[in-house]
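Ligands are counted one by one from 1 in listed order, and the atoms in each one are counted from 1 as well.
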Amino acid sequence: TQDPASNVLDAVVVGAGFAGMYMLHRLRELGLTTRAFEKGHDVGGVWYWNRYPGARCDVESMQYSYSFSEALQQEYEWSERFAAQPEILAYASHVADRFDLRRDITFQTGISAAHYNEEQGLWDICTEHGEHVFTRFCIMATGCLSSTRMPDILGIEAFEGNIYHTGNWPHTPVDFSGQRVGVIGTGSSGIQCIPVIAQQAGQLLTFQRTPNFSVPARNVPMTDAIAQHWKSNYAGLRQQARENTSSGTIYEKSVRKAHEASPEEQQAEYTRRWQSGGVNFMHSFNDLMLDIKSNDTAAEFVRGQISAIVEDPQIADLLTPKGYPIGSKRICIDTNYYSTYNRDNVTLVDLCAAPITAITPTGLQTADAHYPLDSIVFATGYDAMTGALLNIDIVGRAGETLAKKWEAGPTTYLGLMMSGFPNLFTITGPGSPSVLANMIFAIEQHVEWIADCLAWLRERALHTIEADSVAEALWVAHVNEVADTTLFPLANSWYVGANVPGKPRVFMPYVGGVVPYRRKCNEVAAQGYEGFNVSARS
Ligand code: NA7
């Protein structure tokens, strides 16, 4: 074993996606010796791995971008209203060049363990290659939707064709021409890739367990006028996002509840927003996620659109979501999703009628049929919010593992720290609003809070900060309380871990909105990190 003193850093950042890159930048500005570790060959995080056809952000590009550098936001030119994966990855690469980040990032190096040494007050970080690095602070920038999930289907390893997962797509182009392709899963990833693969494949079969609500993106090329509008007003618009939105993305807010509008006015509003595209639809009225009757009016509108678009009424019916509120599973944003089912080469297979029983060497077996396939695309999602953290063997004080601590579901204080795990921060951790927000916006707020916290500790010659267990328990209770005032917990979504068999059902994100959340984080800091225990010793 290595002598800790010979190789001690101030901070280690795990991951070099948008969270890790900005964290590294801020820590270097503070003059802290920092190294980031990234398992990919380059920066970008989920945008590095999610190279599937049709991968695109559902937040507009002028808003899904860093705000911390005025020069950066002025110089970068986005080509579309909603950026596609290659452009977002190019942006990440541009940021890495511009701020010279790569020199402090060790690529192709996942972190397998992080153990806290109480005596030394250091984290012992072990890479997948068996190297150890010692650090005072460890910041997990491991992503919320980064641990891909392959369902446990009998016979999977015997399949003779090709298997893909949307979240871990090959780096060389995949050609489906002439193939019979099966896509399993109809979440955002399935809904984005199905229309694109359908254009290339000989036959496409979609294997659907739960139909999802999807709203058209209406993606268009960026115009000079729109780019200019943003660039001339960025300071004010970013401030508006921070101070007057629920998610850190500026949408056209409504001041009305759905029942305050007549049925005709409701239709007119839904139609207008459906026509203009994007998540703006979910802001048609201000109580859609609070009142099931209001929610039903929006859900019914989308159901009507599905039956108008899809020519075969039986298929339209199968594609129509029922039994859970619109938006309680993350709303999908698509380009030609429903109309893809009008194509002759596309078949919808209903797994509710007959579930998958096995994968055979030549295809997919359900309870009532065998479907021969050349390729299978798993669009089956992620072990969201906790998966990437629990993939690392994290051990805190007194040998307590994070896996043990989170056995009944994740607990954090503000989604930033866990009691028993001093000097270990999570960016966009469970208990923060990140996955319900504009992710880059959420990342910037966490990174800045953490950087300010480390500067504050240094000014006071403090060595250790740790969430207080009582403050943590109160925060977890608050997260649940707020969630229960909304319709969010009503669906079997990844927000509650329902997509991972055996995962405890806990509503993980904070739905109270980014404004109260930021206020709370700022108040905690202003009051000397209230709810955290700080100490000059380890
Ligand atoms: P999601 O939204 O978790 O969707 C996964 C899909 O895969 C969903 O339709 C699941 O059906 C389906 N699924 C999962 N396991 C199975 C099995 N075993 N059999 C059949 N179908 C299955 O993941 P995405 O990648 O689409 O999107 C994740 C987020 O990334 C998205 O919300 C954006 O924020 C970006 P289910 O609904 O569980 O019945």
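Looking at A384 against ligand 1, nothing comes within 4.0 Å, counting heavy atoms. Of all the heavy atoms of Y382, the ones lying under 4.0 Å from any atom of ligand 1 belong exclusively to the side chain.
If you check which protein heavy atom lies closest to atom 31 (C) of ligand 1, you get S188 OG, 3.5 Å. What sits closest to atom 9 (O) of ligand 1 on the protein, heavy atoms only, is T186 N, 2.9 Å. What sits closest to atom 3 (O) of ligand 1 on the protein, heavy atoms only, is W494 CD1, 3.5 Å. With respect to atom 6 (C) of ligand 1, the closest heavy atom belonging to the protein is A379 O, 3.3 Å. Protein heavy atom in closest approach to atom 4 (O) of ligand 1: G187 CA, 3.5 Å. When only non-hydrogen protein atoms are considered, atom 30 (O) of ligand 1 lies nearest to L145 CD1, 3.7 Å. The protein heavy atom nearest to atom 15 (N) of ligand 1 is R149 NH2, 3.0 Å.
Side-chain contact between M417 and T426 is absent, with no heavy-atom pair separated by less than 4.5 Å.
Residues T347 and Q203 have side chains that never bring a donor and an acceptor to within less than 3.5 angstrom of each other.
A salt bridge is defined here as a Lys NZ or Arg NE, NH1 or NH2 lying under 4.0 Å from an Asp or Glu carboxylate O, and R272 with E252 meets this definition. Between D287 and K293 there is no salt bridge, since none of the side-chain N atoms of the basic residue sits less than 4.0 Å from a carboxylate O of the acidic one. With respect to the salt-bridge test (charged N to carboxylate O, under 4.0 angstrom), the residues E243 and R518 do not qualify. In this structure, R209 does not pair ionically with D350, as no charged nitrogen and carboxylate oxygen lie closer than 4.0 Å.
Under the 4.0 angstrom criterion for non-hydrogen atoms, Q208 is not in contact with ligand 1. Residue L351 places a heavy atom under 4.0 Å from ligand 1.
The distance between the ring centers of Y52 and H165 does not fall below 6.0 angstrom. Residues F107 and F37 keep their aromatic ring centres 6.0 Å or farther apart.
Proximity to S189 (heavy-atom distance under 4.0 Å) selects the following atoms of ligand 1: 24 (P), 25 (O), 26 (O), 27 (O). The contact set between ligand 1 and G185, taken as ligand atoms under 4.0 Å from a residue heavy atom, comprises 6 (C), 7 (O), 9 (O), 12 (C). Close contacts between ligand 1 and P151 involve ligand atoms 18 (N) [criterion: under 4.0 Å to a heavy atom]. Each of the atoms 3 (O), 5 (C), 23 (O), 25 (O) of ligand 1 lies under 4.0 Å from some heavy atom of G381.
Closest to atom 36 (P) of ligand 1 by heavy atom, among D58, I184, T210, is T210. Between the choices R209, K329, M439, the shortest heavy-atom distance to atom 13 (N) of ligand 1 belongs to R209.
Not one N or O on the side chain of N212 forms a donor-acceptor pair closer than 3.5 Å with the backbone of C332.
I376 approaches I184 most closely through the heavy-atom pair CG2-CD1, 3.9 Å.
Geometrically, R51 engages Y48 in a cation-pi contact defined by less than 6.0 Å to the ring centre and at most 45° from the axis.
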